[in-house]
Enquirer: 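Take this structure first; my questions come after.
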2 protein chains.
Amino acid sequence: MGKPQEERRKEIVQATMDLTAEEGIKRVTTQAIADRVGIAQPTVFRHFKTRDAIFAAVIGWIAENLFKAISSGFNPNEPSDEQLRKLIKRQLTFINKHRAIPKVLFSDFLHLESPKLKASLQEVMNRYIKRVTQILQQGKENGEFRNDLDTEKTAIYIAALIQGLVLRWSVYEFNFSLEDEADSIWQFLLPVLKSINSQNQIN
Amino acid sequence: MGKPQEERRKEIVQATMDLTAEEGIKRVTTQAIADRVGIAQPTVFRHFKTRDAIFAAVIGWIAENLFKAISSGFNPNEPSDEQLRKLIKRQLTFINKHRAIPKVLFSDFLHLESPKLKASLQEVMNRYIKRVTQILQQGKENGEFRNDLDTEKTAIYIAALIQGLVLRWSVYEFNFSLEDEADSIWQFLLPVLKSINSQNQIN
DNA sequence: TAAGTAAGTGATTACTTACTCACTTTCGAA
DNA sequence: TTCGAAAGTGAGTAAGTAATCACTTACTTA
């Protein structure tokens, strides 16, 4: 007999991610997955009911490991700005290692194909925003950040900035290191978080 | 006989955009397009050699009209910050009206399927960045913006922020008005562009 | 008004691909 | 050692879909 359920499932998920990174979702057929794992195509369906279920597992994997990555080495006693800087750095480092992420994120597949997947993506985003908002809030209370900071809006824009950069990374064939952008992003964000003069509005 | 070439092509492009907005790219079959236009499926191929060619035309339409939108009412004598503010506002207003844009932008279709389309997307992005960089440069020389502003990086991040927000808009089923975000984005960006104290770096 | 041409079509093809099924192999526990 | 169940498979099905083709219709113009 072959390998036990759990092991095979992981292999299939991993193979799917690898193929997605290389080829883009559309070309990841169940046949291709089977070939990569080294099993027959129908065997894939012993472990996942449908093709969509495989991608649901992929998204699950990404979500789980993304949060693991951005939470690793979290120290609540550190200054908020350091917490946030590290979070961004870790997130970019993680995504930089997994090109499947933008391919999955930017796929028409997710963008209507299956409402369940969409819902779970929304959940991941919500959770991320909440996390960043917390840090911002804490920093605001600390006095580290501007006291007129709109924490949630800011969190949303930080997330958007990163996601947009990931899109760019993908569109430009991964021709720059995401990880290396962390510092410049941080420089970009500093005035948003810390500037003292509450701003020459509109004018 | 039917309608003349040009008119039909426009109808097909329009129908494709409408369907894409409603259904996502994958479900936009040549049959669906034909039905929407009110012609037979093979007739579509009288006007476009392949299905990809239709989407190429869609991207062309988007690019053309996006630049028309962001350039409309451009006045070189206006202050740079006003120019940039209006550009962002107009861009968001335009995208807000065309839900097909995120569906096309965030499609695995583009993300490997056809290198030509990818190249043309890169070109649109380059052109956009160049435009924003110019405005930032001008504002920097004017003394309106920080004199230590990295204009190109900033332009890239502004573009990323907007694209990321468009992704969010799409993932959340268009449940907020993009256009209404323009002002808060501008508030978010102001400290980046104008802050005087050249920043409490890293610390 | 006749001819040439562009637009339009029904029928079909060629192909891809998720998924099923009946059957076999292998493992682990009793 | 036996036996039940889980993992595995070859062969096939069903459904969808881009693209082709031979043919028709109708508009334009000489």
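Side chains included, hydrogens not; waters and symmetry mates left out as well; all remaining heavy atoms used. All figures in this text were calculated on a predicted structure; none of them were measured in a lab. Letters A, B, ... are given to chains in the order of the sequence lines, protein chains preceding strands, and every chain is numbered from 1.
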Enquirer: Counting side-chain heavy atoms from C-beta on, which of C:dG8, D:dA19, D:dT9 comes nearest to B:R51?
Expert: D:dA19
Enquirer: Has B:Q91 got a side-chain atom pairing as donor or acceptor with B:I70's backbone, closer than 3.5 angstrom?
Expert: no
Enquirer: Which nucleotide, D:dT9, C:dA7, C:dG8, lies nearest any side-chain atom of B:Q5?
Expert: C:dA7
Enquirer: Within this structure, what is the CZ-to-P distance between B:R46 and D:dA26, rounded to whole angstrom?
Expert: 16 Å
Enquirer: For the pair made of CD1 in B:I25 and P in D:dA18, what is the distance, rounded to whole Å?
Expert: 13 Å
Enquirer: What is the distance, rounded to the nearest whole Å, between atom CZ of A:R27 and atom C1' of C:dT16?
Expert: 13 Å
Enquirer: Check every atom of D:dT20, C:dA18, D:dA18 against the side chain of B:P42 and return the nucleotide holding the closest atom.
Expert: D:dT20
Enquirer: How close or far is atom P of D:dT17 from atom CD of B:E23, stated in whole angstroms?
Expert: 11 Å
Enquirer: Using purine N1 to pyrimidine N3 plus N6-O4 or O6-N4 for Watson-Crick, or N1-O2 and O6-N3 for G-U wobble, each under 3.5 Å, what pairs with D:dA30?
Expert: C:dT1
Enquirer: Rounded to whole angstroms, how far apart are CG on B:D35 and P on D:dA18?
Expert: 12 Å
Enquirer: Send over the distance from B:K49 NZ to D:dC21 P, rounded to a whole Å.
Expert: 10 Å
Enquirer: Could you tell me whether the side chain of B:R146 and the main chain of B:K140 form a donor-acceptor pair under 3.5 Å?
Expert: no
Enquirer: Hey, does A:Q41 reach any base, or is it just sugar-phosphate, or nothing, if we go heavy atoms under 4.0 Å?
Expert: base
Enquirer: Give the rounded distance in Å between these two atoms: CD of A:Q31 and P of D:dA11.
Expert: 13 Å
Enquirer: Taking for each residue the nucleotide of DNA chain C with the nearest heavy atom, is it A:F45 or B:A40 whose nucleotide lies nearer the 5' end?
Expert: B:A40
Enquirer: Round to a whole Å and report the spacing from CZ of A:F48 to P of C:dT20.
Expert: 15 Å
Enquirer: Under 6.0 Å from the CD atom of A:Q5, do we count more than 12 heavy atoms belonging to anything else shown?
Expert: yes
Enquirer: Has B:T30 got a side-chain N or O lying under 4.0 Å from the OP1 or OP2 atom of D:dA18?
Expert: yes
Enquirer: Atom CD in B:Q41, atom OG1 in B:T29: separation rounded to 0.5 Å?
Expert: 8.0 Å
Enquirer: Is the phosphate of C:dT17, meaning OP1 or OP2, less than 4.0 Å from a side-chain N or O of A:T29?
Expert: no
Enquirer: May I ask you to establish whether A:R131 and A:F74 are in a cation-pi arrangement, using a distance under 6.0 Å from NZ or CZ to the six-membered ring centre and at most 45° from the ring axis?
Expert: yes
Enquirer: Would you say D:dA6 has OP1 or OP2 under 4.0 Å from some side-chain N or O of A:H47?
Expert: no
